[in-house]
Amino acid sequence: MDTTTQPTTTQPSAIEKVFAFVDERVGLKTLQAKMLNEPVPGGSRWAYVFGSVLLFIFIMQAVTGILLMFYYVPTADHAYASTQYIIHTVDYGWFLLSYHFWGSTAMVVCVFAHMSQVFLWGAYKKPRELIWLVGLALFGIVMGFGFTGYLLPWDQRAYWATTVGVEIMDKTPLLGDFMARFLKGGATPGQMTLSRFFVIHVMVLPAALMGLAGLHLFLFRKAGPAGPFRGSVEEIKAKTDYFFPRQIWKDIVGMVAVFLCICSLAFWEPIVLLEEATPDPGDYHPEPEWYFLFLFQLLRLKVFAGEFGQFLGAIALPGVFMALLAALPFIDRDPERNIFKRPIALISWIVVMASILIFTVAAIINREFLE
Ligand code: HEM
(Lines give C-alpha, C1' and ligand atoms only; values in the text may rest on other atoms or scores of the structure.)
Protein backbone atom coordinates (compact mmCIF):
# COMPACT_ATOMS: atom_id res chain seq x y z
CA MET A 1 0.00 0.00 0.00
CA ASP A 2 1.25 3.51 -0.88
CA THR A 3 1.39 5.51 2.35
CA THR A 4 2.85 8.70 0.84
CA THR A 5 -0.61 9.92 -0.34
CA GLN A 6 -2.16 9.59 3.17
CA PRO A 7 -3.21 13.05 4.61
CA THR A 8 -1.08 14.01 7.66
CA THR A 9 -3.06 15.39 10.62
CA THR A 10 -1.07 17.10 13.39
CA GLN A 11 -2.43 16.52 16.86
CA PRO A 12 -2.56 19.61 19.16
CA SER A 13 0.09 19.49 21.88
CA ALA A 14 -0.86 19.25 25.57
CA ILE A 15 -0.19 22.99 26.06
CA GLU A 16 -2.42 23.87 23.09
CA LYS A 17 -5.18 21.69 24.53
CA VAL A 18 -4.94 23.38 27.96
CA PHE A 19 -4.95 26.81 26.27
CA ALA A 20 -8.03 25.90 24.19
CA PHE A 21 -9.78 24.59 27.32
CA VAL A 22 -9.11 27.80 29.32
CA ASP A 23 -9.81 30.03 26.28
CA GLU A 24 -13.24 28.46 25.79
CA ARG A 25 -14.17 29.27 29.39
CA VAL A 26 -12.33 32.56 30.04
CA GLY A 27 -12.04 34.14 26.57
CA LEU A 28 -8.24 34.48 26.69
CA LYS A 29 -7.95 35.43 22.99
CA THR A 30 -10.47 38.28 23.34
CA LEU A 31 -8.69 39.47 26.49
CA GLN A 32 -5.30 39.30 24.76
CA ALA A 33 -6.67 41.25 21.76
CA LYS A 34 -8.17 43.88 24.09
CA MET A 35 -4.97 44.29 26.14
CA LEU A 36 -2.44 44.30 23.30
CA ASN A 37 -4.27 45.86 20.35
CA GLU A 38 -4.69 49.26 21.99
CA PRO A 39 -3.85 51.89 19.31
CA VAL A 40 -0.99 54.24 20.20
CA PRO A 41 -1.69 57.46 18.23
CA GLY A 42 1.43 58.84 16.53
CA GLY A 43 3.39 55.63 17.20
CA SER A 44 5.27 54.15 20.15
CA ARG A 45 7.62 56.41 22.14
CA TRP A 46 10.16 56.16 24.95
CA ALA A 47 8.36 59.03 26.69
CA TYR A 48 5.39 56.71 27.35
CA VAL A 49 7.32 54.09 29.35
CA PHE A 50 7.09 55.71 32.80
CA GLY A 51 3.55 54.57 33.68
CA SER A 52 4.35 50.90 32.99
CA VAL A 53 7.73 51.22 34.72
CA LEU A 54 5.92 52.59 37.80
CA LEU A 55 3.63 49.56 37.86
CA PHE A 56 6.66 47.26 37.57
CA ILE A 57 8.51 49.02 40.44
CA PHE A 58 5.39 48.76 42.61
CA ILE A 59 5.10 45.00 41.98
CA MET A 60 8.79 44.54 42.87
CA GLN A 61 8.34 46.65 46.04
CA ALA A 62 5.43 44.39 47.02
CA VAL A 63 7.49 41.22 46.39
CA THR A 64 10.58 42.45 48.28
CA GLY A 65 8.37 43.93 51.03
CA ILE A 66 6.61 40.59 51.60
CA LEU A 67 9.98 38.78 51.78
CA LEU A 68 11.23 41.36 54.32
CA MET A 69 8.10 40.82 56.44
CA PHE A 70 9.11 37.18 56.95
CA TYR A 71 11.87 38.51 59.24
CA TYR A 72 10.95 42.04 60.31
CA VAL A 73 9.30 42.47 63.74
CA PRO A 74 7.21 45.66 64.03
CA THR A 75 7.74 46.30 67.75
CA ALA A 76 9.72 49.12 69.32
CA ASP A 77 12.05 46.68 71.13
CA HIS A 78 12.65 44.34 68.14
CA ALA A 79 12.33 46.46 64.96
CA TYR A 80 15.96 47.60 65.03
CA ALA A 81 17.37 44.18 65.99
CA SER A 82 15.29 42.39 63.34
CA THR A 83 16.43 44.87 60.67
CA GLN A 84 20.07 44.29 61.71
CA TYR A 85 19.36 40.54 61.53
CA ILE A 86 18.06 40.95 57.95
CA ILE A 87 21.20 42.92 57.00
CA HIS A 88 23.84 40.78 58.72
CA THR A 89 22.45 37.24 59.09
CA VAL A 90 19.73 36.47 56.52
CA ASP A 91 21.17 35.19 53.20
CA TYR A 92 21.15 38.14 50.77
CA GLY A 93 19.00 40.03 53.32
CA TRP A 94 21.22 43.14 52.92
CA PHE A 95 20.51 43.06 49.18
CA LEU A 96 16.76 42.58 49.63
CA LEU A 97 16.47 45.49 52.08
CA SER A 98 18.73 47.71 49.96
CA TYR A 99 16.73 46.84 46.82
CA HIS A 100 13.51 47.81 48.64
CA PHE A 101 15.13 51.07 49.81
CA TRP A 102 16.43 52.06 46.34
CA GLY A 103 13.17 50.86 44.77
CA SER A 104 11.32 53.54 46.74
CA THR A 105 13.73 56.17 45.42
CA ALA A 106 13.21 54.89 41.85
CA MET A 107 9.45 55.12 42.32
CA VAL A 108 9.68 58.78 43.37
CA VAL A 109 11.98 59.60 40.41
CA CYS A 110 9.65 57.81 37.97
CA VAL A 111 6.51 59.42 39.39
CA PHE A 112 8.11 62.84 38.81
CA ALA A 113 9.13 61.80 35.26
CA HIS A 114 5.62 60.46 34.48
CA MET A 115 3.95 63.60 35.89
CA SER A 116 6.32 65.80 33.88
CA GLN A 117 5.63 63.84 30.69
CA VAL A 118 1.83 64.05 30.97
CA PHE A 119 2.07 67.71 32.00
CA LEU A 120 4.36 68.71 29.11
CA TRP A 121 2.32 66.63 26.60
CA GLY A 122 -0.86 68.39 27.84
CA ALA A 123 -2.35 64.93 28.52
CA TYR A 124 -4.28 66.26 31.56
CA LYS A 125 -6.65 68.26 29.32
CA LYS A 126 -10.22 67.30 28.40
CA PRO A 127 -11.25 64.39 28.36
CA ARG A 128 -8.42 63.18 30.69
CA GLU A 129 -9.15 65.37 33.77
CA LEU A 130 -10.10 62.39 35.95
CA ILE A 131 -6.96 60.42 34.96
CA TRP A 132 -4.93 63.42 36.14
CA LEU A 133 -6.86 63.73 39.44
CA VAL A 134 -6.49 60.02 40.24
CA GLY A 135 -2.80 60.40 39.29
CA LEU A 136 -2.42 63.15 41.91
CA ALA A 137 -3.87 60.82 44.54
CA LEU A 138 -1.35 58.16 43.41
CA PHE A 139 1.42 60.74 43.80
CA GLY A 140 0.29 61.31 47.42
CA ILE A 141 0.35 57.56 48.03
CA VAL A 142 3.90 57.21 46.63
CA MET A 143 5.08 59.99 48.98
CA GLY A 144 3.15 58.35 51.84
CA PHE A 145 5.02 55.08 51.23
CA GLY A 146 8.33 56.94 51.61
CA PHE A 147 7.25 58.72 54.79
CA THR A 148 5.83 55.65 56.58
CA GLY A 149 8.59 53.25 55.43
CA TYR A 150 11.34 55.52 56.73
CA LEU A 151 10.38 54.86 60.39
CA LEU A 152 10.36 51.05 60.19
CA PRO A 153 14.13 50.32 60.72
CA TRP A 154 13.79 52.21 64.03
CA ASP A 155 17.24 53.83 64.02
CA GLN A 156 18.04 57.44 64.94
CA ARG A 157 17.51 58.63 61.34
CA ALA A 158 14.08 56.97 61.21
CA TYR A 159 12.95 58.19 64.61
CA TRP A 160 13.99 61.82 64.14
CA ALA A 161 12.81 62.19 60.55
CA THR A 162 9.39 60.99 61.70
CA THR A 163 9.41 63.31 64.71
CA VAL A 164 10.16 66.29 62.44
CA GLY A 165 7.58 65.15 59.85
CA VAL A 166 4.81 64.72 62.41
CA GLU A 167 5.64 68.09 64.02
CA ILE A 168 5.24 69.72 60.59
CA MET A 169 1.91 67.95 60.08
CA ASP A 170 0.76 69.23 63.49
CA LYS A 171 0.83 72.78 62.07
CA THR A 172 -2.09 72.10 59.67
CA PRO A 173 -5.13 74.08 60.82
CA LEU A 174 -8.17 72.09 62.06
CA LEU A 175 -6.92 68.61 61.12
CA GLY A 176 -3.22 68.90 62.08
CA ASP A 177 -3.54 68.14 65.79
CA PHE A 178 -5.79 65.15 65.11
CA MET A 179 -3.52 63.76 62.36
CA ALA A 180 -0.36 64.16 64.48
CA ARG A 181 -1.98 62.49 67.52
CA PHE A 182 -3.44 59.74 65.35
CA LEU A 183 -0.09 58.96 63.73
CA LYS A 184 2.00 59.20 66.90
CA GLY A 185 -0.52 57.48 69.16
CA GLY A 186 1.18 59.11 72.19
CA ALA A 187 3.24 62.09 73.35
CA THR A 188 6.49 60.85 71.74
CA PRO A 189 7.04 58.31 68.94
CA GLY A 190 6.83 54.81 70.43
CA GLN A 191 5.20 51.42 69.93
CA MET A 192 1.87 52.91 68.83
CA THR A 193 3.60 55.08 66.21
CA LEU A 194 5.52 52.10 64.85
CA SER A 195 2.39 49.90 64.72
CA ARG A 196 0.38 52.57 62.93
CA PHE A 197 3.12 53.42 60.43
CA PHE A 198 3.60 49.70 59.76
CA VAL A 199 -0.10 49.03 59.12
CA ILE A 200 -0.38 52.10 56.88
CA HIS A 201 2.80 51.08 54.98
CA VAL A 202 1.98 47.40 54.39
CA MET A 203 -1.84 47.38 54.27
CA VAL A 204 -3.55 50.74 53.77
CA LEU A 205 -1.27 52.29 51.13
CA PRO A 206 -0.78 49.14 48.97
CA ALA A 207 -4.56 48.54 48.92
CA ALA A 208 -5.20 52.20 48.05
CA LEU A 209 -2.51 52.14 45.34
CA MET A 210 -3.88 48.96 43.75
CA GLY A 211 -7.45 50.32 43.71
CA LEU A 212 -6.49 53.74 42.39
CA ALA A 213 -4.00 52.38 39.81
CA GLY A 214 -6.83 50.15 38.52
CA LEU A 215 -9.12 53.18 38.26
CA HIS A 216 -6.31 55.21 36.61
CA LEU A 217 -5.87 52.53 33.92
CA PHE A 218 -9.60 52.06 33.45
CA LEU A 219 -10.03 55.80 32.82
CA PHE A 220 -6.95 55.79 30.58
CA ARG A 221 -8.37 52.98 28.41
CA LYS A 222 -11.72 54.79 28.28
CA ALA A 223 -10.20 58.09 27.06
CA GLY A 224 -7.44 56.46 24.98
CA PRO A 225 -3.82 57.69 24.90
CA ALA A 226 -3.40 61.41 24.23
CA GLY A 227 -0.59 60.81 21.70
CA PRO A 228 2.06 63.34 20.63
CA PHE A 229 1.52 67.06 21.10
CA ARG A 230 2.70 67.97 17.57
CA GLY A 231 1.35 67.08 14.13
CA SER A 232 -2.00 67.24 12.38
CA VAL A 233 -4.77 64.73 13.13
CA GLU A 234 -4.07 63.02 9.75
CA GLU A 235 -0.31 62.79 10.40
CA ILE A 236 -0.89 61.32 13.86
CA LYS A 237 -3.44 58.84 12.48
CA ALA A 238 -1.08 57.73 9.71
CA LYS A 239 1.65 56.93 12.25
CA THR A 240 -0.61 55.02 14.67
CA ASP A 241 0.95 51.85 16.12
CA TYR A 242 -0.49 49.18 18.38
CA PHE A 243 0.55 48.64 22.00
CA PHE A 244 2.02 45.26 20.91
CA PRO A 245 4.78 44.86 19.81
CA ARG A 246 6.64 48.20 19.60
CA GLN A 247 5.38 50.00 22.74
CA ILE A 248 5.48 46.87 24.85
CA TRP A 249 9.15 46.29 23.89
CA LYS A 250 10.02 49.86 24.84
CA ASP A 251 8.21 49.35 28.17
CA ILE A 252 10.13 46.11 28.79
CA VAL A 253 13.48 47.79 28.01
CA GLY A 254 12.50 50.58 30.46
CA MET A 255 11.65 48.03 33.17
CA VAL A 256 14.90 46.09 32.67
CA ALA A 257 16.96 49.32 32.74
CA VAL A 258 15.30 50.47 35.98
CA PHE A 259 15.68 46.99 37.52
CA LEU A 260 19.42 46.97 36.70
CA CYS A 261 19.84 50.50 38.12
CA ILE A 262 18.11 49.54 41.40
CA CYS A 263 20.18 46.31 41.65
CA SER A 264 23.43 48.23 41.03
CA LEU A 265 22.58 50.86 43.65
CA ALA A 266 21.59 48.15 46.15
CA PHE A 267 24.89 46.36 45.46
CA TRP A 268 27.23 49.38 45.57
CA GLU A 269 25.35 51.53 48.09
CA PRO A 270 23.75 49.05 50.50
CA ILE A 271 21.67 50.37 53.37
CA VAL A 272 23.54 51.13 56.64
CA LEU A 273 21.66 51.77 59.88
CA LEU A 274 22.58 54.39 62.48
CA GLU A 275 22.31 53.62 66.22
CA GLU A 276 19.00 52.38 67.63
CA ALA A 277 16.32 55.10 68.08
CA THR A 278 16.34 57.02 71.38
CA PRO A 279 14.37 60.12 72.41
CA ASP A 280 17.75 61.94 72.64
CA PRO A 281 19.08 63.09 69.24
CA GLY A 282 22.63 63.59 70.64
CA ASP A 283 24.87 64.91 67.81
CA TYR A 284 22.46 63.71 65.14
CA HIS A 285 20.91 66.41 62.92
CA PRO A 286 17.45 65.14 61.98
CA GLU A 287 16.53 65.30 58.32
CA PRO A 288 13.89 63.65 56.11
CA GLU A 289 14.39 61.33 53.12
CA TRP A 290 16.07 63.07 50.13
CA TYR A 291 12.79 63.69 48.26
CA PHE A 292 11.48 65.81 51.13
CA LEU A 293 14.82 67.64 51.54
CA PHE A 294 13.83 70.60 49.33
CA LEU A 295 10.89 71.34 51.64
CA PHE A 296 13.12 70.96 54.70
CA GLN A 297 15.62 73.45 53.19
CA LEU A 298 12.81 75.84 52.22
CA LEU A 299 11.73 75.95 55.87
CA ARG A 300 15.23 77.15 56.81
CA LEU A 301 14.63 80.42 54.90
CA LYS A 302 14.18 83.47 57.16
CA VAL A 303 10.70 84.21 55.75
CA PHE A 304 9.53 80.88 57.10
CA ALA A 305 10.91 81.40 60.63
CA GLY A 306 8.57 81.23 63.62
CA GLU A 307 5.33 79.34 64.18
CA PHE A 308 3.36 81.15 61.45
CA GLY A 309 6.27 81.05 58.97
CA GLN A 310 6.61 77.29 59.42
CA PHE A 311 2.89 76.89 58.78
CA LEU A 312 3.23 79.00 55.61
CA GLY A 313 6.22 77.05 54.24
CA ALA A 314 5.31 73.54 55.32
CA ILE A 315 1.54 73.49 54.93
CA ALA A 316 0.11 76.51 53.11
CA LEU A 317 2.60 76.65 50.22
CA PRO A 318 2.58 72.90 49.35
CA GLY A 319 -1.22 72.86 49.94
CA VAL A 320 -1.81 75.72 47.49
CA PHE A 321 0.56 74.09 44.99
CA MET A 322 -1.30 70.75 45.14
CA ALA A 323 -4.68 72.53 44.91
CA LEU A 324 -3.44 74.37 41.80
CA LEU A 325 -2.32 71.08 40.25
CA ALA A 326 -5.74 69.57 40.98
CA ALA A 327 -7.52 72.56 39.44
CA LEU A 328 -5.18 72.69 36.42
CA PRO A 329 -7.32 70.73 33.89
CA PHE A 330 -10.31 72.92 34.81
CA ILE A 331 -8.40 76.24 34.65
CA ASP A 332 -6.50 75.38 31.45
CA ARG A 333 -9.37 74.75 29.00
CA ASP A 334 -7.36 75.59 25.86
CA PRO A 335 -7.19 72.39 23.73
CA GLU A 336 -3.67 73.34 22.46
CA ARG A 337 -1.26 70.62 23.68
CA ASN A 338 1.97 71.67 21.96
CA ILE A 339 4.28 72.63 24.84
CA PHE A 340 6.15 75.13 22.63
CA LYS A 341 2.87 77.02 22.20
CA ARG A 342 2.13 76.95 25.97
CA PRO A 343 4.86 79.27 27.36
CA ILE A 344 3.29 79.63 30.84
CA ALA A 345 3.17 75.85 31.27
CA LEU A 346 6.76 75.43 30.05
CA ILE A 347 8.15 78.22 32.25
CA SER A 348 6.20 77.01 35.32
CA TRP A 349 7.56 73.48 34.86
CA ILE A 350 11.16 74.76 34.52
CA VAL A 351 10.80 77.01 37.61
CA VAL A 352 9.32 74.22 39.77
CA MET A 353 11.92 71.63 38.71
CA ALA A 354 14.84 74.08 39.08
CA SER A 355 13.61 75.15 42.56
CA ILE A 356 13.31 71.54 43.74
CA LEU A 357 16.82 70.82 42.42
CA ILE A 358 18.41 73.96 43.90
CA PHE A 359 16.81 73.49 47.34
CA THR A 360 17.75 69.79 47.41
CA VAL A 361 21.39 70.57 46.53
CA ALA A 362 21.44 73.38 49.13
CA ALA A 363 20.15 70.95 51.78
CA ILE A 364 22.89 68.43 50.90
CA ILE A 365 25.59 71.14 51.08
CA ASN A 366 24.14 72.30 54.40
CA ARG A 367 24.32 68.72 55.72
CA GLU A 368 28.04 68.45 54.81
CA PHE A 369 28.59 71.75 56.61
CA LEU A 370 26.78 70.57 59.78
CA GLU A 371 28.67 67.25 59.91
C1 HEM B 1 1.88 55.01 41.12
C2 HEM B 1 1.68 55.99 40.30
C3 HEM B 1 1.21 55.89 38.87
C4 HEM B 1 1.08 54.80 38.04
C5 HEM B 1 1.40 53.33 38.36
C6 HEM B 1 0.60 55.28 36.76
C7 HEM B 1 0.38 54.48 35.65
C8 HEM B 1 0.00 54.96 34.39
C9 HEM B 1 -0.03 54.17 33.17
C10 HEM B 1 0.38 52.70 33.06
C11 HEM B 1 -0.49 54.98 32.18
C12 HEM B 1 -0.68 54.57 30.71
C13 HEM B 1 0.19 55.28 29.69
C14 HEM B 1 1.54 55.77 30.11
O15 HEM B 1 2.31 54.97 30.64
O16 HEM B 1 1.84 56.98 29.90
C17 HEM B 1 -0.76 56.28 32.75
C18 HEM B 1 -1.26 57.38 32.07
C19 HEM B 1 -1.51 58.63 32.63
N20 HEM B 1 -1.17 59.03 33.90
FE21 HEM B 1 -0.38 57.85 35.35
N22 HEM B 1 0.42 56.65 36.84
C23 HEM B 1 0.80 57.06 38.10
C24 HEM B 1 0.82 58.35 38.57
C25 HEM B 1 0.37 59.46 37.88
C26 HEM B 1 0.48 60.83 38.33
C27 HEM B 1 1.16 61.27 39.61
C28 HEM B 1 -0.14 61.60 37.37
C29 HEM B 1 -0.32 63.10 37.35
C30 HEM B 1 -0.68 63.80 38.37
C31 HEM B 1 -0.61 60.72 36.32
C32 HEM B 1 -1.32 61.12 35.19
C33 HEM B 1 -1.53 60.35 34.06
C34 HEM B 1 -2.17 60.81 32.83
C35 HEM B 1 -2.75 62.23 32.57
C36 HEM B 1 -2.15 59.73 31.93
C37 HEM B 1 -2.67 59.73 30.48
C38 HEM B 1 -1.50 59.93 29.53
C39 HEM B 1 -1.88 59.93 28.06
O40 HEM B 1 -3.05 59.84 27.71
O41 HEM B 1 -0.94 60.06 27.23
N42 HEM B 1 -0.26 59.43 36.64
N43 HEM B 1 -0.44 56.26 34.10
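FYI, side chains are in, hydrogens and waters are out, and symmetry mates aren't considered; it's all heavy atoms of this structure. Counting starts at 1 for both ligands and their atoms, in listed order. Predicted model, so just to flag it, every value in this text is computed and none were measured.
The nearest protein atom to atom 1 (C) of ligand 1, hydrogens excluded, is given as V142 CG2, 3.9 Å; this is a heavy-atom distance. Closest protein heavy atom to atom 32 (C) of ligand 1: H216 CE1, 3.6 Å. Of all protein heavy atoms, the one lying nearest to atom 40 (O) of ligand 1 is A226 N, 2.9 Å. Scanning all protein heavy atoms for the shortest distance to atom 14 (C) of ligand 1 gives Y48 O, 3.6 Å. Scanning the protein heavy atoms around atom 28 (C) of ligand 1, the nearest turns out to be G135 CA, 3.5 Å. What sits closest to atom 2 (C) of ligand 1 on the protein, heavy atoms only, is L138 CB, 3.7 Å. Atom 37 (C) of ligand 1 has its closest protein heavy atom at F220 CD1, 3.8 Å.
The N, O or S atom of H114 lying closest to atom 21 (Fe) of ligand 1 is NE2.
Not close to ligand 1: A213, with no non-hydrogen atom less than 4.0 angstrom away. Within the 4.0 Å heavy-atom cutoff, W132 counts among the residues contacting ligand 1.
Nearest-heavy-atom check against atom 4 (C) of ligand 1 across L54, I141, L325 picks out L54.
Criterion: ILVMFWY side-chain heavy atoms under 4.5 Å apart, direct or through other members. Under it, L120 and L324 are not part of a common hydrophobic cluster. I350 and Y124 fall within the same hydrophobic cluster, where Ile, Leu, Val, Met, Phe, Trp and Tyr residues are linked whenever their side-chain heavy atoms come under 4.5 Å apart, directly or through other members.
The side chain to side chain donor-acceptor pair (under 3.5 Å) test with S44 singles out one residue from K250, R246, K239, and that residue is K250.
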Self-check item: Pair D77-T75, side chain to side chain donor-acceptor pair (under 3.5 Å): steps then yes or no
Solution: CA-CA 5 Å; D77 47 359; T75 61; 3.1 Å; yes
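Proximity of the aromatic rings of W154 and Y159 is defined here by a centroid distance below 6.0 angstrom, and this criterion is met. No close placement of the F197 and Y150 rings is indicated, their centers lying 6.0 Å or farther apart.
Between I131 and F220 the shortest heavy-atom distance is CD1-CA, 3.6 Å.
Near A123, meaning under 4.0 Å from one of its heavy atoms, ligand 1 places the atoms 35 (C), 38 (C), 39 (C), 41 (O).
In this structure a side-chain-to-backbone donor-acceptor pair under 3.5 Å is missing from D155 to E276.
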